[in-house]
Amino acid sequence: MYVETSGLQPDYRTFPSVLKACRNLLDGMKIHCTALKFGFLWDVFVAASLIHLYCRYGPVTNARRLFNEMPFRDMGSWNAMISGYCQSGNAKEALTLSKDLKVMDAVTIVSLLAACTEAGDFSRGVMIHLYSIKHGLDSELFVSNKLIDLYAESGDLRGCQKVFDRMIVRDLISWNSMIKAYELNEQPLRALWLFEEMRLNRIQPDCLTLISLASILAQLGDIRASRSVQGFTLRKGWFLEDITIGNTVVDMYAKLGLVDSARAVFNWLPSKDVISWNTIISGYAQNGYASEAIEMYNKMEEEGGEITANQGTWVSVLPACSQTGALRQGMKIHGRLLKNGLYFDVFIGTSLADMYGKCGRLDDALSLFYQIPRVNSVPWNTLIACHGLHGHGKKAVMLFREMLDEGVKPDHITFVTLLSACSHSGLVDEGQWCFEMMQTDYGIAPSLKHYGCMVDLFGRAGQLETAFNFIKSMPLQPDASIWGALLSACRVHGNVDLGKIASEHLFEVEPEHVGYHVLLSNMYASAGKWEGVDEIRSIARGKGLRKIPGWSSMEVNNKVEVFYTGNQTHPMYEEIYSELTTLHAKMKMIGYVPDHRFVLQDVEDDEKEHILMSHSERLAIAYGLIATPPKTTIQIFKNLRVCSDCHSVTKLISRITEREIIVRDSNRFHHFKDGVCSCGDYW
């Protein structure tokens with residue numbers, strides 16, 4: 001050390017400055033020894049500086065040991081230890097330590113408010129706020145800013161506004177905190193108004209302002225203004241300075257559904273971190289581009305380098321595997337997670353269980369479920385939903401009872417998944433019991449999703465008048481999902497009159513949704529009312545709406561094959577149609593009669609049979625029969641609901657070929673075996 005070789009003696013003023021300049025733990029420990037040698041260790045300034053050092057570079061336990069051994073502690077020592085705990089992620093320890101503190105200054109209050117926010121101890125935060133008011137510390141600018149953060153995190157926007165309104169002086173951080181508070185609590189209009197007021201007060205925005213603004217515009221769906229945000233950041237040069245800005249713009253475009261723009265910005269980023277990759281992967285997955293999400297994940301893995309997948313990566317790509325049925329890809333990811341032990345993380349483990357459940361491997365999903373922590377409702381909700389998809393409504397109700405027995409409190413999502421499971425299994429009484437329990441036992445007010453599940457429950461069971469009366473008695477204004485559930489039930493049960501009433505309400509609340517036009521057109525076609533079909537199709541064409549094409553996919557030899565209805569471009573097209581023709585003849589020999597109600601064109605019967613034979617799931621099944629060994633299971637994923645005729649045909653094919661065929665359509669799983677479907681013809 002220089003002071004030892006120069007002959008000069010350090011004093012108590014020397015050590016705090018030198019400790020502050022340290023850039024690693026080893027140098028700090030050397031200075032610690034020197035302070036001990038010269039007898040300055042118990043000087044409060046030296047000890048507080050050492051505590052700061054150990055909190056910054058070493059185990060926080062070393063700092064706490066030094067703190068406990070101090071014969072005298074001043075405010076700086078307490079602040080050093082409390083802020084050290086906060087900076088190392090030990091918020092609860094900071095709050096526990098502060099219980100022994102009788103007096104606090106503004107620095108202490110700021111550290112403790114940050115700890116309360118991190119630990120979610122908002123009642124303690126309110127007590128600290130009261131202390132700051134009593135001692136006149138709430139007027140300090142940085143205290144007020146932290147108070148806004150605390151109330152924002154707790155969802156108390158009124159508390160945020162009160163603190164903000166009482167501030168005599170406001171800086172950029174104050175404005176950013178308030179804008180972020182409204183943005184986080186999904187009040188984008190109020191947040192945008194504050195942004196405009198900030199500009200009127202001649203406060204210039206910074207990177208953090210633009211990050212909040214991008215999220216606000218995404219919530220509002222304002223595409224034009226969002227492009228202005230990108231232009232502003234480019235003019236400021238922030239794209240080059242801060243990678244967070246680039247990631248934010250990618251996220252903004254993804255949330256607006258502009259995935260091409262999101263990808264363009266992602267490609268343009270001068271550098272990318274793991275958050276950049278996670279953002280584009282989740283953006284694709286959340287907008288229904290699951291294959292592209294998996295492709296981006298694979299590209300990230302191929303590029304390697306310093307970027308390593310983290311929790312955000314896994315919980316983004318695994319749902320994409322669920323959507324496409326990419327079981328092998330999901331299993332590869334599972335293998336990676338087994339190596340690093342991350343599958344014990346509740347969110348990753350839940351995503352894995354969800355992937356297996358939605359890829360048809362319910363036993364594997366259940367096995368994973370019992371290996372991960374189940375202290376909150378998230379994993380329970382996932383498994384209840386998976387059982388509902390497979391038509392195991394009674395097992396879903398049993399899981400719910402098990403959840404209650406383990407002391408886990410259900411939330412509003414739990415009841416959505418449970419009601420949906422009851423709906424898919426025809427458990428009307430159980431569904432009504434859950435709907436009542438949600439309100440009386442847990443005080444959860446039904447949302448539109450809960451009401452939609454109840455309408456679907458009654459509708460699937462054929463209780464159409466009950467469903468209609470239930471809608472009329474709702475205290476909330478029915479949205480498109482409510483009327484859509486009733487229209488779908490009317491289409492299945494052939495109630496054209498009530499279906500027309502449902503469609504009239506539906507087109508009032510969501511006139512541009514092509515799926516509902518198709519549903520009404522299909523209902524008219526099934527009833528042979530071709531004038532109605534022509535009218536609806538004409539209306540849809542006039543609005544520029546286009547029907548979503550039906551497709552089915554299956555994975556063979558590590559490759560996902562996709563078949564579109566009527567597709568004749570597949571390399572094995574001739575073999576596929578030859579196989580279907582042979583199967584068609586065999587099915588007719590055992591009593592199959594095509595159900596022409598599901599042909600939505602007014603054509604001759606021969607043409608109707610050919611159209612039915614060209615449905616995407618039949619093409620996929622025929623390909624599976626050709627491309628896989630005998631007796632192996634065929635698994636197919638379809639983007640639309642399976643029609644009744646295809647359902648009957650798949651049952652017969654499973655019987656003729658002695659194959660198990662698993663089909664996941666837009667609603668649920670169907671397990672076909674020996675001429676029987678797991679849904680019991682109820683879907």
Side-chain angles (χ1 to χ4, degrees), residues 416 419-420 422-429 431-432 435 445-548 550 595-602 640-645 665-668 681-683:
V416 170
L419 289 169
S420 179
C422 291
S423 174
H424 284 296
S425 299
L427 304 178
V428 177
D429 292 340
Q432 289 178 295
F435 190 72
S447 67
L448 286 169
K449 286 185 178 180
H450 298 109
Y451 284 113
C453 288
M454 289 301 293
V455 173
D456 193 53
L457 176 74
F458 292 128
R460 286 179 188 273
Q463 300 178 21
L464 300 181
E465 288 299 328
T466 304
F468 186 45
N469 291 331
F470 182 82
I471 293 173
K472 290 192 288 186
S473 68
M474 282 172 52
L476 303 177
Q477 185 71 26
D479 67 354
S481 66
I482 305 289
W483 293 113
L486 182 61
L487 178 59
S488 181
C490 291
R491 186 254 193 273
V492 171
H493 295 286
N495 191 329
V496 177
D497 293 335
L498 186 55
K500 191 172 182 181
I501 293 170
S503 68
E504 288 170 357
H505 288 284
L506 193 54
F507 295 152
E508 282 179 14
V509 293
E510 197 160 343
E512 304 300 322
H513 195 295
V514 66
Y516 297 136
H517 288 77
V518 172
L519 198 56
L520 183 59
S521 173
N522 292 355
M523 184 178 70
Y524 281 132
S526 297
K529 297 189 175 185
W530 300 107
E531 302 86 357
V533 173
D534 292 338
E535 182 186 349
I536 296 301
R537 288 179 178 173
S538 176
I539 291 169
R541 279 195 298 271
K543 293 178 179 178
L545 305 178
R546 298 183 64 185
K547 180 183 175 182
I548 299 169
D595 190 342
H596 294 160
R597 291 178 304 154
F598 296 93
V599 177
L600 307 176
Q601 289 96 355
D602 189 11
L640 303 175
R641 185 179 185 272
V642 173
C643 78
S644 183
D645 190 69
D665 68 5
S666 59
N667 285 336
R668 56 166 295 158
D681 298 337
Y682 187 91
W683 82 103

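As a basis for the values below, the full set of heavy atoms in this structure was taken, side chains included, without hydrogen atoms, waters or symmetry mates.
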(message) Under the rule for side chain to side chain contact (heavy atoms under 4.5 Å, CB included), what residues qualify as partners of Ser425, not counting sequence neighbours?
(response) Leu427

(request) Could you tell me which non-hydrogen atom of Ala485 sits nearest to which non-hydrogen atom of Gly452, and how far apart they are? (result) CB-O, 4.2 Å

(message) As an exercise, state the distance from CD of Gln477 to OH of Tyr451, rounded to the nearest 0.5 Å.
(response) 12.5 Å

(request) Find out whether Phe435 and Pro446 are in side-chain contact, i.e. whether some heavy atom of one side chain is under 4.5 Å from a heavy atom of the other. (result) yes

(request) State, with a plain yes or no, whether a side-chain heavy atom of Ile501 is found less than 4.5 Å away from one of Phe468. (result) yes

(message) Do Leu486 and Arg491 make a side-chain contact, defined as non-hydrogen atoms from C-beta onward lying under 4.5 Å apart?
(response) no

(message) Could you check whether any side-chain heavy atom of Val416 comes within less than 4.5 Å of a side-chain heavy atom of Cys453, counting everything from C-beta outward?
(response) yes

(message) Applying side chain to side chain contact (heavy atoms under 4.5 Å, CB included), can you list everything that pairs with Leu448, at least two apart in sequence or on another chain?
(response) Met474, Leu476, Asp479, Ile482

(request) Indicate yes or no for a side-chain donor-acceptor contact from Asp665 to the backbone of Val642 under 3.5 Å, with no hydrogens or angles considered. (result) yes

(message) Nearest 0.5 Å, please: how far is OG in Ser481 from CG in Asp456?
(response) 10.0 Å

(request) With side chain to side chain contact (heavy atoms under 4.5 Å, CB included) as the test, would you mind laying out the steps for Ile471 and Trp483 before giving the verdict? (result) CA-CA 8 Å; Ile471 293 173; Trp483 293 113; 3.6 Å; yes

(message) Given 3.5 Å as the limit, does a donor-acceptor pair link the side chain of His493 with the main chain of Cys490, or not?
(response) no

(request) Sequence neighbours left out, what passes side chain to side chain contact (heavy atoms under 4.5 Å, CB included) with Gln463? Give chain and number order. (result) Val428, Phe458, Ala461, Thr466

(request) Can you see which heavy atom on Gly431 is nearest to which on Met454, and at what distance? (result) O-SD, 4.0 Å

(request) Can you measure from CZ (Arg668) to OG (Ser420) and round to the nearest 0.5 angstrom? (result) 10.0 Å

(message) For a quick test of reading the model, state the closest non-hydrogen atom pair linking Gln432 to Leu457 and the distance between them.
(response) N-CD2, 4.3 Å

(message) Distance check, rounded to the nearest 0.5 Å: Leu640 atom CG versus Asn667 atom CG?
(response) 10.0 Å

